[in-house]
Q: 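Have a look at this one.
These numbers come from a predicted model, not from an experiment.
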Amino acid sequence: MPIFIDRRLNPKDKSLGNRQRFLRRAREELKRSIRDQVRTGGIAEVDREHAVPMPRKGTSEPTFGDDRASGRRQHILPGNRTFSPGDRIAKPGGGEGYGSAPGTAESEDDFRFVLSREEVLDLFFEDLELPDLVKLNLKQILSYKPRRAGFAASGAPTNINVGRTMRNSHGRRIALRRPKQAEIDAIARQIAELEAKPASAALREHIASLREQLERLERRRRRIAYVDPVDIRFNRFDPQPVPNANAVMFCLMDVSGSMGEREKDLAKRFFVLLHLFLTRRYERIEVVFIRHTHEAKEVDEHTFFYHTESGGTVVSTALEEMHRIIEERYPVAEWNIYAAQASDGDNFATDSERCIELLDRKLMRLCQYFAYVEIIDERESHIFGSTENGTSLWRAYNAVDGKWPNFQMRRIAAPADIYPVFRQLFARQPDLRKSA
């Protein structure tokens, strides 16, 4: 009969390892459920509370116990001679168990996690990050730098403030009237001088009095330390938040007449998701919205997402506007610059070459990362993996993609493609480095 002894340092009848495994399973299930809801629903539904069902199966902790009837239990263990991998084993009878089948046996229902808006967004964006190719890591916009903040009564020996410690010691010695060394030496010299003179009763009595005074001073001096632990002061340092780096994200969107309602809706969905991601993960990041037809202009968030506009398509105007804003407001030495562009790929006949020139000679040297999303017809989804087919703008940007590792481009054909493409564009890439 096997005997199991659990020597793990866990509470009685509990297993910390099993609990941790359950929490990991539950977290993965929550993330999967939220992603599925986003794929089937709207982007706006992400930013709200969610009720996520969790199957009851697999939530209990493993236990050992004897069969109630015979005291024995039959197990199927690896290496047995009865069953082989792939064999189908009949479910034991008895009627009791979990499930929703009708009957008199008790069963346990699945339970539900009700997640707040903050918890949903934490899980939704947990493994996404702005790719950082050169400068500081933007996972946490704020770093903490120690700064002097007065003195403390405790601390590391290397932080002792000698000046403040000695001032405290001097004040304490004055307050407690600690004898000075010069005072003790003066009495000792006086005793020596008197002992050299001819002895008399009065002199011997005076010398005894001086000796008693000297002994009292030395005893007092030994009791009152020169530097007491209460005198010691340490330099105190408090962590002060300091911005690691300033970050700005440029959002560029084509709103010309070639962008139909479906294309504009998909582009808006992508940028809503991007804007939600940025404002959730980065407290100090700035977002610049640029809309363009044959002309480009910087607009506010509401105008960018909701106002309609018509006209021709000249993509280079948006890139030129972005470059102008960078030159005026965002010095490269002080800012991490990111950009995301959405378009249907339509462009003025000779403007694609101008776009290549702007990206190649100016913008890609300034940007940490540039993501291009092209909205295509659902009937063209079979060319997702193609690099040669597509619009003139796609082919032009493909040349930039082959030269700059910090440039990424993807296609979107349906609402269900938005989140997978978004994850591809903004997944963490810790080993990626800028080579150009």
Q: So which heavy atom on V288 is nearest to which on E298, and how close?
A: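 Smallest interatomic distance, heavy atoms only, reads CG1-OE2, 3.6 Å.
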Q: I want to check something: taking the side chain as every heavy atom from C-beta on, are T313 and F348 in contact at a cut-off of under 4.5 Å?
A: no
Q: I'd like to check F271 versus L274 (side-chain heavy atoms, cut-off strictly below 4.5 Å). Are they in contact?
A: yes
Q: Once you round to the nearest 0.5 Å, how far does CD1 of I337 lie from CE of M249?
A: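 It comes to 11.5 Å.
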Q: With sequence neighbours excluded, tell me which residues meet side-chain hydrogen bond (donor to acceptor under 3.5 Å, both in side chains) with S169.
A: R173
Q: Quick one: which residue pairs count as a salt bridge (charged side-chain N to carboxylate O under 4.0 Å, His left out) with a foot in residues 337-352, not counting sequence neighbours?
A: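 Matches after skipping sequence neighbours: none remain.
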Q: About how many Å separate CG of L363 and CD of E357, when rounded to the nearest 0.5 Å?
A: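 One finds 11.0 Å between CD of E357 and CG of L363.
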Q: Which atom names give the shortest non-hydrogen contact between I375 and A267, and what distance separates them?
A: CD1-N, 4.2 Å
Q: Between A339 and M322, which heavy-atom pair has the shortest distance, and what is it?
A: CB-CE, 3.5 Å
Q: Quick check for you: to the nearest 0.5 Å, what is the distance between E286 atom CD and F250 atom CZ?
A: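 If I round to the nearest 0.5 Å, the distance is 9.0 Å.
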Q: Return a table of donor-acceptor pairs under 3.5 angstrom between the side chains of residues 151-162 and protein atoms on other chains or two or more places apart.
A:
unit_1, atom_1, unit_2, atom_2, d
N161, OD1, G163, N, 3.4
N161, OD1, R164, N, 2.8
N161, ND2, N235, OD1, 2.8

Q: Could you check whether any side-chain heavy atom of I412 comes within less than 4.5 Å of a side-chain heavy atom of R269, counting everything from C-beta outward?
A: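 SC-SC contact between I412 and R269 ruled out.
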Q: With rounding to the nearest 0.5 Å, note down the distance linking CG in D401 to CE in M364.
A: 9.0 Å
Q: What's the separation between atom CG in N398 and atom OG1 in T391, rounded to the nearest 0.5 Å?
A: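 Here the rounded value is 10.5 Å.
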Q: Are the side chain of R411 and the backbone of V421 linked by a donor-acceptor contact shorter than 3.5 Å?
A: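 The answer is no, because no donor-acceptor pair under 3.5 Å joins these two groups.
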Q: Donor-acceptor pair, R262 side chain versus M259 backbone, under 3.5 Å?
A: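 Between the backbone of M259 and the side chain of R262 there is no qualifying donor-acceptor contact (under 3.5 Å).
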Q: Might you work through the side-chain hydrogen bond (donor to acceptor under 3.5 Å, both in side chains) test for T293 and S256, ending with a clear yes or no?
A: CA-CA 5 Å; T293 54; S256 64; over 6 Å; no
Q: Q408 and side chain to side chain contact (heavy atoms under 4.5 Å, CB included): which partner among F370, Y372, Y369?
A: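 The residue from F370, Y372, Y369 that satisfies side chain to side chain contact (heavy atoms under 4.5 Å, CB included) with Q408 turns out to be Y369.
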Q: Out of N347, I356, T350, L358, which residue meets the side chain to side chain contact (heavy atoms under 4.5 Å, CB included) rule with S316?
A: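 Among the candidates, only L358 passes.
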Q: Establish, from distance only, whether the side-chain atoms of S343 and E374 form a donor-acceptor pair under 3.5 Å.
A: no
Q: Answer yes when E327 and K362 have at least one side-chain N-carboxylate O distance shorter than 4.0 Å, and no when they do not.
A: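 Not counted as a salt bridge, because no side-chain N and carboxylate O are separated by less than 4.0 Å.
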Q: Test side chain to side chain contact (heavy atoms under 4.5 Å, CB included) on E263 and I376; report intermediate values, then the result.
A: CA-CA 8 Å; E263 288 78 9; I376 65 173; over 6 Å; no
Q: Please check this pair: side chain of D231 against backbone of D228, looking for a donor-acceptor N/O pair closer than 3.5 Å.
A: yes
Q: Below 4.0 angstrom, N of the basic side chain to O of the carboxylate: do K403 and D360 qualify?
A: yes
Q: For the residue pair L366 and H323, establish whether any side-chain heavy-atom pair is separated by less than 4.5 Å.
A: yes
Q: Determine whether H292 and D254 satisfy the following criterion, side chain to side chain contact (heavy atoms under 4.5 Å, CB included), listing intermediate values before the conclusion.
A: CA-CA 5 Å; H292 75 90; D254 180 9; 3.5 Å; yes
Q: With distance as the sole test, does R220 use its side chain to make a donor-acceptor pair with the main-chain N or O of R177 at under 3.5 Å?
A: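 Yes, because the side chain of R220 sits within donor-acceptor range (under 3.5 Å) of the backbone of R177.
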Q: What I'd like to find out is whether the side chain of T317 reaches to under 4.5 Å of the side chain of H294, using heavy atoms alone.
A: no
Q: Given 3.5 Å as the limit, does a donor-acceptor pair link the side chain of D238 with the main chain of P146, or not?
A: no
Q: Looking at D417 and A413, would you say the former's side chain and the latter's main chain have a donor-acceptor pair under 3.5 Å?
A: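 Between the backbone of A413 and the side chain of D417 there is a qualifying donor-acceptor contact (under 3.5 Å).
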Q: Let's go through L266 and K264 carefully: what are the C-alpha distance in whole Å and the side-chain angles of both, what is the deciding distance for side chain to side chain contact (heavy atoms under 4.5 Å, CB included) to 0.1 Å, and is it a yes or a no?
A: CA-CA 5 Å; L266 290 178; K264 288 181 180 179; over 6 Å; no
Q: What distance do I326 atom CD1 and C367 atom SG have between them, rounded to the nearest 0.5 Å?
A: 5.0 Å
Q: What I want to find out is whether E320 reaches R354 closely enough, with some N-O distance under 4.0 Å, to be called a salt bridge.
A: yes
Q: Under the criterion side chain to side chain contact (heavy atoms under 4.5 Å, CB included), I'd like the reasoning laid out for K297 against F289: C-alpha separation, chi angles, the key distance, then a yes or no.
A: CA-CA 8 Å; K297 57 183 177 182; F289 299 100; over 6 Å; no
Q: Check whether the side chains of T303 and D300 place a donor and an acceptor atom closer than 3.5 Å, and report yes or no.
A: yes
Q: Can you see which heavy atom on C251 is nearest to which on F304, and at what distance?
A: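 Distance-wise, the nearest heavy atoms are O-CE1, 3.5 Å.
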Q: Compute the centroid of each ring, for F407 and then for Y397, and state whether the two points are separated by less than 6.0 Å.
A: yes
Q: Between R178 and R172 (side chain of the first, backbone of the second, donor and acceptor by atom type, cut-off under 3.5 Å), is there such a pair?
A: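 No, the answer is negative, given that no donor and acceptor are paired below the 3.5 Å cut-off.
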Q: Identify the heavy atoms of Q368 and N406 that sit nearest to each other, and give their distance.
A: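 Heavy-atom minimum between the residues: O-CB, 3.3 Å.
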Q: So, for E321 and I290, which heavy atoms are closest and what is the spacing to 0.1 Å?
A: CG-CD1, 4.0 Å
